[in-house]
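Have a look at the structure below before the remarks.
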Amino acid sequence: MDQFTGKIWVLGDDIDTDIIIPTEYLALKTVQDMAPYAFSPLRPELAGQIKEGDIIVAGKNFGCGSSREQAPEIIKALGIQCVIAKSFARIFFRNAINNGLLLIENDKLRDAVSEGDEITITINEAIMHHGNQYPITSLPQNLVDIINAGGLVKAMQRLNHVSD
Amino acid sequence: MGMTIAEKIIAAAAGVSSVKPGDIHTVVLDRLMSNDGTTHLTIDMYNQLKNPRIADVSKLVWIMDHNVPCDSVKTAASHKKMRDFAKEHGIKFYEGAGVCHQVMMENHVTSGELIFGADSHTCAYGAVGAFGTGVGCTDYLYAMVTGKSWLLVPETLKFNLTGALQEGVYARDLILSIIGMIGANGANYMAMEFGGEGLKTLNMSDRISICNLCVEAGAKTALMEVDEIALNYLKEHGREPKHCFQSDEDAQFAKVYDIDLGTIRPIVAKPHFVDSVVDAKACVGTHIDQAFLGSCNNGRIEDLRVGAELIRGKKVHPLVRFLVVPASAAVYRQALAEGIIDTFMEAGAIVMNPNCSVCWGSCQGVIGEGEVLISTGTRNFKGRAGHKDSFVYLASAATVTASAIKGEITTADLLTV
């Protein structure tokens with residue numbers, strides 16, 4: 001997955017973990033059960049409209065708030081292949097990487113796009129939108145390895161057993 | 001080059017002589033806290049491992065607090081999973097003892113430790129100079145199994161405190177002011193360090209309240225200089241410090257803020273963001289349906305005393321529910337001994353067992369469509385306390401209690417007029 005194209009959904013600043021998955025749905029058994037309620041306090045219809053391979057483009061501080069790991073898991077369960085934001089809250093950042101959800105920080109794209117646009121991402125290189133190119137920084141190799149393995153637990157499993 | 005407190009703790013945990021911001025280090029963790037918010041998920045993942053093992057069970061502390069006592073068959077199932085696993089593996093386990101961070105402060109945390117907590121408000125432990133940071137259940141699992149994790153060394157924002165808070169102004173007002181000033185991601189990925197002469201005027205309850213809320217500015221951790229007050233707190237609770245680190249004089253800070261505590265005013269954070277702060281006076285007259293005094297941020301005996309002092313001889317407004325939730329069983333018993341629980345009940349408050357309560361919008365006390373809560377809880381995100389179309393204002397114990405009496409948002413000084 002060095003390059004891929006997807007349709008974007010556009011969100012604002014400070015999309016917090018209670019927006020991504022409200023507390024009342026955390027008691028549901030699986031993230032698949034929770035996924036229909038993703039973003040429901042803000043846009044109740046959104047989870048039903050997101051298609052496999054779509055991309056979220058948001059403002060600053062995406063994922064702020066709780067350490068609930070269901071937040072990135074649900075975004076992944078919805079089929080979102082990547083979240084691009086001006087910045088990410090740090091606990092969400094770790095949780096997303098650990099669950100194999102790709103995050104890209106870019107502070108310009110959000111203000112240049114409209115919902116429904118298509119963008120093309122070349123990993124560790126750039127985002128293309130309407131002929132404009134937005135350079136992206138590369139992730140450290142240890143994080144890339146975790147994402148490619150499908151998350152930290154799977155990366156651990158790949159070693160067959162957990163060792164020092 | 002000199003190091004900050006955060007850098008010194010990471011260097012010690014990584015077994016190296018020095019670190020600098022941006023470095024990634026493998027660290028050995030001193031303690032691993034998890035609560036019933038996500039532990040069932042950690043257990044599910046643990047059970048899928050090929051060779052599951054716990055690196056050092058003596059470092060694990062598991063605490064029931066988010067749904068205590070259970071309010072549904074679903075949460076009872078996840079509680080049972082956590083309780084059974086803790087028993088089977090000999091993990092230190094608390095149920096009914098209180099909100100996890102308060103229980104950790106009372107019983108476990110000590111200066112200089114590096115602690116992962118599967119809860120965002122783990123940064124509270126900086127009140128005694130420990131590096132506490134919130135992680136998700138996958139990071140927790142990895143640390144539980146290996147005893148280690150990786151950490152990016154954060155930059156540090158330094159807050160030099162001078163002066164003293166005025167009468168009627170609280171630590172809660174200070175930290176909300178700071179979050180308002182730097183913004184909800186103003187300290188993202190960073191450590192927030194507090195020191196200066198002003199720190200010496202703040203008691204341990206104030207310090208926990210300040211450090212606890214730093215994650216609402218995005219901070220990775222909060223740290224305070226360890227002084228006599230912190231050392232006395234540890235001593236009273238039967239613990240010795242591991243390391244008492246101070247930042248070196250030539251330590252590099254990303255930014256230094258000088259804050260005169262005497263300039264801080266009572267503050268309210270309006271819906272739906274913690275950095276949406278205004279002078280509390282600007283919210284006077286705002287309708288409320290419920291008030292909440294409790295949480296890891298403001299449910300300590302000092303907070304209950306402030307509330308009790310205000311409400312003694314008065315009544316909760318008839319159109320308001322006032323929930324009072326001591327942060328721990330120890331706090332609850334102290335409040336009983338001081339007659340504080342009686343004072344609240346005499347006034348018509350609903351006193352509940354120690355738990356996270358409406359601060360996290362599950363369990364008892366959730367609010368309905370269109371309702372308004374004023375709270376000493378940690379967050380005011382949209383839908384945080386119940387219905388997605390409800391509203392949460394955050395304020396100090398004094399402002400919350402005064403508002404419960406008045407039936408609308410008001411400040412304590414206006415109550416007697």
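Residue numbering restarts at 1 for every chain, and letters A, B, ... go by the order of the sequence lines. These numbers come from a predicted model, not from an experiment.
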Practice task
Report the C-alpha distance between N98(A) and Y140(B) in whole Å, list the side-chain angles of each, state the deciding distance to 0.1 Å, and finish with yes or no for side-chain contact (heavy atoms from CB on, under 4.5 Å).
Solution key: CA-CA 11 Å; N98(A) 285 342; Y140(B) 188 88; over 6 Å; no
Handout entry: R384(B) versus chain A, the contacting section by heavy-atom distance below 4.5 Å
Key = both
Handout entry: Any R90(A) side-chain heavy atom under 4.5 Å of T133(B) side chain
Key = yes
Fill in the blank from the handout: Nearest heavy-atom contact between G65(A) and S120(B) is O-CB, 3.5 Å
Problem - Shortest non-hydrogen contact between F88(A) and Y189(B), atoms and distance - result: O-OH, 3.1 Å
Practice task
Considering non-hydrogen atoms only, spot the tightest contact between T23(A) and S362(B) and give its length.
Solution key: CG2-CB, 3.6 Å
Practice task
Taking the side chain as every heavy atom from C-beta outward, state whether S66(A) and W360(B) have any atom pair closer than 4.5 Å.
Solution key: no
Handout entry: Within-4.5 Å side-chain heavy-atom neighbours: L152(A) and D139(B)
Key = yes
Problem - Residues from residues 10-20 of chain A approaching chain B under 4.5 Å (heavy atoms) - result: D14(A), D16(A), D18(A), I19(A)
Practice task
Go through the steps to decide whether L28(A) and K74(B) satisfy the test side-chain contact (heavy atoms from CB on, under 4.5 Å), and finish with yes or no.
Solution key: CA-CA 8 Å; L28(A) 295 174; K74(B) 285 183 184 123; 4.3 Å; yes
Practice task
Counting only heavy atoms closer than 4.5 Å, note whether T38(B) contacts chain A via side chain, backbone, both or neither.
Solution key: side chain
Handout entry: Top of L26(A), N61(A), N99(A) for chain B proximity - count of heavy-atom pairs under 4.5 angstrom
Key = N61(A)
Exercise for the section: State the OG1-CD distance between T138(B) and E69(A), to the nearest 0.5 angstrom. Expected result: 3.0 Å
Problem - Over 12 non-hydrogen atoms of neighbours within 6.0 angstrom of NZ in K270(B) - result: no
Practice task
Tell me, with the steps shown, if F93(A) and N188(B) meet side-chain contact (heavy atoms from CB on, under 4.5 Å).
Solution key: CA-CA 11 Å; F93(A) 186 88; N188(B) 200 13; over 6 Å; no
Exercise for the section: Go through the atoms of A118(B) and report whether side chain, backbone, both or neither lie under 4.5 Å from a heavy atom of chain A. Expected result: backbone
Problem - Top of H66(B), R379(B), K388(B) for chain A proximity - count of heavy-atom pairs under 4.5 angstrom - result: R379(B)
Problem - Sequence neighbours excluded - salt bridge (Lys or Arg N to Asp or Glu O under 4.0 Å) pairs with any residue from residues 32-51 of chain A - result: R43(A)-E45(A), R43(A)-E115(A)
Practice task
Could you go through the side-chain contact (heavy atoms from CB on, under 4.5 Å) check for V153(A) and L49(B) one step at a time?
Solution key: CA-CA 8 Å; V153(A) 171; L49(B) 295 177; 4.0 Å; yes
Problem - Heavy-atom contact with chain A under 4.5 Å, split by part of F273(B) - result: side chain
Handout entry: D119(B) versus S67(A), closest heavy-atom pair with distance
Key = CA-OG, 3.3 Å
Handout entry: Polar contact flag, side-chain donor to acceptor under 3.5 angstrom, S149(B)-R94(A)
Key = yes
Handout entry: Most chain A-contacting option - heavy-atom pairs closer than 4.5 Å, from C137(B), G383(B), S78(B), A55(B)
Key = C137(B)
Exercise for the section: Check the surroundings of atom OH in Y46(B): do more than 12 heavy atoms from other residues, nucleotides or ligands lie under 6.0 Å from it? Expected result: yes
